[in-house]
Amino acid sequence: MTRFDVQKTLSPALKTDLLAIVVSDTPDKGGLKPFRGLPVGLSASLIRAGKRQKFKAKAGEQIHLVDSGSDHIGQVLLVGLGTEKNFTLDSVRLALSRVGNRAADSKAKSLTVAVAVKPPKGADEQDFAQAAAEGLVLGGYRFDRFRKSTSSQESNGASGKLPARIGVIPEGMKQSARFAGGLKRGEVLARATCLARDLSNLPANYATPSHLADQARKTASGSRQITVKIFGPAEIRKEKMGAFLAVAQGAEEPCRFIVLQYRGTASSKAPVVVVGKGVTFDTGGISLKPVAKMDEMKHDMSGAAAVIGLFAALKELSPKVNVIGLAPCTENMPSGRAYRPGDIITSRSGKTVEVLNTDAEGRMLLIDALDYAKKYKPRAIIDLATLTGACVVSLGHTFAGLISNDDKLSASLLESASRTGDLLWRLPFHQDYLDLVKSKIADLKNTGGPDAGTLTAAAFLREFVDPKTPWAHCDIAGTAWLSGPSRYHPRGATGWGVRILADYLETSVH
Ligand code: BES
Ligand code: MN
Ligand code: ZN
């Protein structure tokens, strides 16, 4: 765990292995200005190095000095934020993630970050510090628990992780109390995101439905505001969750239905229900998937992981809202007991579903969870699911797809998306998409054919939500997982959803 300490200046009594300095581009002011928080000699030599290397502090620009010329400072990293007018909180996240990345890769046991800039337009000291802490922690993340003998071990003795303490010198920031508070918030949110990443990165032989249930319990423990209930197969049967059970019946590994409850305000206030798809491995079932990239289907529980991560954040941020987290968790396996194409299943709601493709399993789990959500009379329902390959085709790994029956909820989520960098793009609903999932022999069928796969899946889910309840479906098939590093994410799981949902709950729910 990383802690941030706000420091006024770089004290010569403290050693730092890595000193990072974040600067903005000031083209009209003739290059780098002296750094007030740093020793005069170092400040002067940085300015010289900057001139020599024509450093403009453009976004992403870096100078790396291996020798600082001072014995209590190891390497120095100068990082550009772009022009003062143009940089955003996301540029801050990005620049600081480079620092986190370098700190995790290098032998740094201690890290000091000096920020010689003002907060971007529309943001204050707290926002800036939060984005900085998020960037550092998200960029310094490594999933290395299965690598005992690798470079990351040699690095800082903490197996590639960030130093336990990071000093931050906020030059140019007036409100230092708000700055410190922002660092704390950012650290909490990034750590919760990394918990979701860990769960998604963890392969299916470890991250079983019972393991996710244990993690939900662990998240709830020690909190007076969070309670957890775990349903096993018997209770799930009692709930008549026929669609969820149809998927689960093919797996040896027992299924779990996780119910997390966070009480942040009077129980008379309707909660927001958050639902996460928890397929711990998706083989496709009898409609078996091809070999290529099937291993990646270990992250088909990223929705559930985000729900657990969100509760880890709620535990520490204590917002004044009520939240329910639901996560139906199972493997999707082919076996002698597996559900088949052609089967007709009765869901919890009583609506029947003709199974045409056992690989369209996510919506089977979700419809029973969405129906279960009704009992809370929620003020809004948001589901997160790695639901369709079609969403990856249309939006890639940059935006998650948003389909919603409510403009206000959509607008709030889109705002939270741009604030947090967990990006979302709204896609349409139309009766035509619903018609595509109507069956001739049951109420619905679980696939809508080759066209508009993301939208027919959403139309299918919509049938299980009360039309009067604002509902948003986030298809995170592309954003939950990256095959290479991008922005402040290393390859693998991104933890998409934790920060956007926390932001939405804190800013839009009153
Ligand atoms: N888990 C997959 C969707 C997915 C694909 C997630 C790629 C992440 C990356 C989902 O269960 C699935 O298999 N969907 C099918 C639906 C189809 C059979 C209607 C798909 O997208 O092919
Ligand atoms: Mn599938
Ligand atoms: Zn799936």
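Treat the numbers as computed from the prediction; the structure is a model and nothing was measured. In this chain, numbering begins with 1 at the start of the sequence shown. Counting starts at 1 for both ligands and their atoms, in listed order. Values below: every heavy atom of this structure, side chains too, minus hydrogens, waters and symmetry copies.
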Handout entry: Test item: Leu427 and Leu455 side chains (from C-beta on) under 4.5 Å apart, heavy atoms
Key =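 Yes; the side chains approach each other to less than 4.5 Å.
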Exercise for the section: Write out the residue and atom name of the closest protein heavy atom to atom 9 (C) of ligand 1, then the distance separating them to 0.1 Å. Expected result: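 In this structure, atom 9 (C) of ligand 1 has Met297 CE, 3.5 Å as its nearest protein heavy atom.
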Going by an N to O cut-off under 4.0 Å, is there a salt bridge joining [X] and [Y]?
X	Y	result
Asp214	Arg217	yes
Glu187	Lys184	yes
Arg98	Glu61	no
Asp371	Lys374	yes
Glu506	Arg185	yes
Arg102	Asp105	no
Lys229	Glu235	no

Problem - Nitrogen or oxygen of Gly389 less than 3.5 angstrom from that of ligand 1 - result: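 For ligand 1, there is an N or O atom that lies under 3.5 Å from one belonging to Gly389.
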Problem - Distance flag, aromatic centroids of Phe244 and Phe231, threshold under 6.0 Å - result: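 Judged by ring-centre distance (under 6.0 Å), Phe231 and Phe244 do not meet the cut-off.
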Exercise for the section: State yes or no: are the ring centers of Tyr488 and Tyr141 separated by less than 6.0 Å? Expected result: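 No.
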With heavy atoms only and a cut-off of under 4.0 Å, state how [X] meets ligand 1: side chain, backbone, both or neither.
X	result
Asn357	side chain
Arg363	side chain
Met301	neither
Leu387	backbone

[X]: numbered ligand 1 atoms lying under 4.0 Å from its heavy atoms:
X	answer
Glu361	11 (O)
Thr447	19 (C)
Ala477	6 (C), 8 (C), 9 (C)

Exercise for the section: Looking at Glu361, pick out the N, O or S atom nearest to the Mn ion (ligand 2) and give its name. Expected result: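 Among the N, O or S atoms of Glu361, the one closest to the Mn ion (ligand 2) is OE1.
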Problem - Minimum-distance N/O/S atom that Asp282 presents toward the Mn ion (ligand 2) - result: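 This residue's closest N, O or S atom turns out to be OD2.
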Handout entry: Asp475, Thr388, Asp282: member with heavy atom nearest to atom 2 (C) of ligand 1
Key =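 Heavy atom nearest to atom 2 (C) of ligand 1 belongs to Asp282.
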Handout entry: Option of least heavy-atom distance to atom 15 (C) of ligand 1 (set: Thr283, Asp359, Thr358)
Key =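 Shortest heavy-atom distance from atom 15 (C) of ligand 1: Asp359.
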Practice task
Take every heavy atom of Lys277, measure it against each atom of ligand 1, and state whether any distance is under 4.0 Å.
Solution key: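 Flag set, Lys277 near ligand 1.
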Practice task
Please confirm whether Glu296 comes under 4.0 Å of ligand 1, counting heavy atoms of the residue only.
Solution key: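 The answer is no: ligand 1 sits nowhere under 4.0 Å from a heavy atom of Glu296.
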Exercise for the section: Pick out which of Thr280, Thr386, Asn332 makes a side chain to side chain donor-acceptor pair (under 3.5 Å) with Asp300. Expected result: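 When Thr280, Thr386, Asn332 are each tested with Asp300, the side chain to side chain donor-acceptor pair (under 3.5 Å) holds only for Thr386.
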Problem - Atoms named by residue and atom, protein N, O or S, within reach of the Zn ion (ligand 3) (under 2.8 Å) - result: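 The answer is Lys277 NZ, Asp282 OD2, Asp300 OD2, Glu361 OE2.
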Practice task
Please report the shortest heavy-atom distance between Tyr206 and His211, naming the atom on each side.
Solution key: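 So the minimum-distance heavy-atom pair works out to O-CB, 3.3 Å.
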Problem - Backbone or side-chain N/O/S of Asp300 under 2.8 Å of the Mn ion (ligand 2) - result: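 Within the cut-off used here (under 2.8 Å), Asp300 places no N, O or S atom near the Mn ion (ligand 2).
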Handout entry: Pi-cation contact, Phe429 with Arg462 (under 6.0 Å, within 45°)
Key =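 Yes, a cation-pi geometry holds between Arg462 and Phe429.
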